[in-house]
2 protein chains.
Amino acid sequence: MTGHDVAAHAGVSQSTVSLVLSGNPRARIGEATRERVLEAARELGYRPNLLARGLVQRRSFALGIVVSDLDNPFFTEVVSGAERVAAEADYGVLLGDAREIPAAEHVMRLAERQVDGVIVAGVGLDALPDETREGLNLVLVDEPSGVLPGVASDAAAAGRKAARHLLELGHTRLGFLGPASPAHTFRMRERGWVQALRQAGCTIPSAYLVRTSATVSGGQAGMRRLLSTDPRPTGVFCANDLVALGALKACAQAGVKVPGHISVVGCDDIEMARYVTPELTTILVPARGLGARAARLLLLTLDGRDTGALTGKALGVELVVRETTARRSI
Amino acid sequence: MTGHDVAAHAGVSQSTVSLVLSGNPRARIGEATRERVLEAARELGYRPNLLARGLVQRRSFALGIVVSDLDNPFFTEVVSGAERVAAEADYGVLLGDAREIPAAEHVMRLAERQVDGVIVAGVGLDALPDETREGLNLVLVDEPSGVLPGVASDAAAAGRKAARHLLELGHTRLGFLGPASPAHTFRMRERGWVQALRQAGCTIPSAYLVRTSATVSGGQAGMRRLLSTDPRPTGVFCANDLVALGALKACAQAGVKVPGHISVVGCDDIEMARYVTPELTTILVPARGLGARAARLLLLTLDGRDTGALTGKALGVELVVRETTARRSI
DNA sequence: TCGCTGCGCTCATACGTATTAGCAAATACG
DNA sequence: CGTATTTGCTAATACGTATGAGCGCAGCGA
């Protein structure tokens, strides 16, 4: 079922079929033949071959999205946001998960598939060698590089807001749970946290700064370490919600009451945060918004339009107070 | 950077480049020229254009996956499993989320992109009209149709195992929370549940069979209704884990102790089930396994290989006892 | 010396679409 | 009525790859 078949059926040439169906407005086509072609196409159930179109147009109208971990709900939200925008614009979305196959490899494969651009989330710039990305439209999510376009949340603000919230509740012994990651976002969350505490005249014993992997089990192990310090912190900020969930688990297992004995603040506001008991106080990072904005940025770039409105400033983050934080009781 | 460029650089024809790089084993190529071509390709950083290849081979080496709801962790796990298998086999994965755009529309778009096959999950056969799928390799996940190939979990067994578990704990007043969905999986989970109860001589008042949407808020609302019955059920089976999480939330808000006052069993075993407090007792449905098997089935079909081993029987489900179920106390 | 047989490579073409140049007929203009 | 101009369509080509047919050449036997 090709354009030639439609042409034959309508008694015109393939060129005419293409002109009619591409909807090129400045194409001069008689009303009668336009009707005949549309009718024939409908009758035959014609669907254009986008590979052929892509080949000649040198645009595939597809974009790729590579995430570091498809099991992390934060990234699936990013994907979800990007997919929505892309689909709305009639773009296809090719997915890559960097757990088994490195991000750089995914990017090259997507390039072979001639995607018009690639969104990369949760992957540092150092994991993407130059030769990987030459001649490719890349947008980084939450990894400001200065050299590549990207969208980001205000990670330092996330740390600051967590700190201020706990400080306002009267807490002064404050712990941090997060990965020793080169990822910009994690570094900035930590930096914002530390700076806000310093500014408030709060000292930070090194035992209160615990390194863990950015996963639930990491948070669990990290919180165990934190609970074994003496005196314990009365408030903890976790670098992301998965870590916070692990921390809550560790508290429950150790018989430590949240928020009675210790207050916990997460970061991301994944959906799960609302469903655990007690509900997690966290910093909302608009994951879906980041994905959507990344896709929009890419699409604007491809159309050669102005992208200033999207690259300008970071997406705001917001404190969401739920049940894991309370005024210091002792 | 095309095969012609590599050819010019190596002093051979484009055909030769193709023969060398396609690695066609029965191609007769001299060792010297093979080396020259490989060297040239490496030097120029040549990457073949898969659109062109797909056009001539009439195979894109890509497959599509359409899910009903990308925010449901169960489906992201299905996607994750399929992506892994596909990537391993050098296939691309095109993603479609059926919340904004109907599944049938996604399938047609994927067909235009010439995917070699499509995996559809969480979507009933009735949502896919015949003309949508003609000439297309479809695999349905958890929606046995008899007419299309598919992979499925043993949904009736899920219902039965939930029932037996609660019966063994001494519960006799048993409620069900689930959608009035045409989806085969939900129907079978319910049927297995009902049959096992009947078989045990357990009557099921219609007030104990509550219809809700298959979401957290649906489960929350449903559980509220169930808690207002008199006498209350002492055990509840939820059609999936999201519903169960909502049910737990409703209990917490109503001051009803789980599992002290009421036992709750979910279905799917999404990751979240382990992180809520109390941890959710549930029926493990191997989502990632389903996705992986669907992808393998598709790949085997495309290679014209035998698929008997994969289509034969449903994937087993398994009771995972955690903390939301306990022996009937009163 | 002359066929004959593999070997190693190239030529030509096809895949299905978009697009430019151009042709014939119709229309407008002086 | 003759000449521009516009209208409506087609022919031809390109996109980058795979692949079957075919060609020159070396080696080999007679």
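On a predicted model such as this, the values are computed, not experimentally measured, just so you know. Residue numbers start from 1 in every chain, and the chains themselves are labelled A, B, ... in the order their sequence lines are given, proteins ahead of strands.
Nucleic acid contact class of A:V17 (heavy atoms, under 4.0 Å, all strands): none. When heavy atoms are screened at a 4.0 angstrom cut-off, A:R53 is found touching the sugar-phosphate backbone but no base atom. Within the nucleic acid shown, A:T2 comes within 4.0 Å of sugar-phosphate atoms alone, with no base atom in reach, counting heavy atoms only.
The distance between atom CZ of B:R113 and atom C1' of C:dT17, rounded to the nearest whole Å, is 14 Å. Rounded to a whole Å, the CZ atom of B:R34 is 10 Å from the P atom of C:dG8. Distance, B:I29 CD1 to C:dT10 C1': 10 Å, rounded to whole Å. Rounded to an integer number of Å, the gap from CG of A:L19 to P of C:dT17 is 13 Å. Going from atom CZ of A:R28 over to atom C1' of C:dT27 covers 14 Å, rounded to whole Å. Protein atom CG of B:L55 is 9 Å distant from nucleotide atom P of C:dT17, rounded to whole Å. Atom CD in A:Q114 sits roughly 18 Å away from atom P in C:dT17 (whole-Å rounding).
For the residue pair A:S18 / A:S15, no side-chain donor-acceptor distance below 3.5 Å is found, with atom types taken as modelled.
Between the side chain of A:T301 and the backbone N or O of A:L297, at least one donor-acceptor pair lies under 3.5 Å. Side-chain atoms of A:R187 never come within 3.5 Å of backbone atoms of A:S181 as a donor-acceptor pair (strictly under, hydrogens ignored).
Nearer the 5' end of DNA chain C, as judged by each residue's closest nucleotide, is the contact made by B:R36, out of B:R36 and B:A52.
Interface limits on DNA chain D: the 5'-most and 3'-most nucleotides within less than 4.0 Å of chain A heavy atoms are D:dT7 to D:dG16.
Distances from the side chain of A:N49 to the nucleotides C:dT19, C:dT17, C:dA14 place C:dT17 closest.
The closest side-chain heavy-atom distance from A:L51 to B:S60 is below 4.5 Å.
Residues B:L138 and B:P149 come closest through the heavy atom pair O-CG, 3.2 Å.
Of the charged side-chain nitrogens involved, at least one lies within less than 4.0 Å of a carboxylate oxygen, so that B:R109 and B:E105 count as a salt-bridged pair. Between B:E39 and B:R42, at least one side-chain N (NZ, or NE/NH1/NH2) sits under 4.0 Å from a carboxylate O, which counts as a salt bridge.
Put simply, the side chain of B:T16 and the base of C:dC9 share no donor and acceptor less than 3.5 Å apart.
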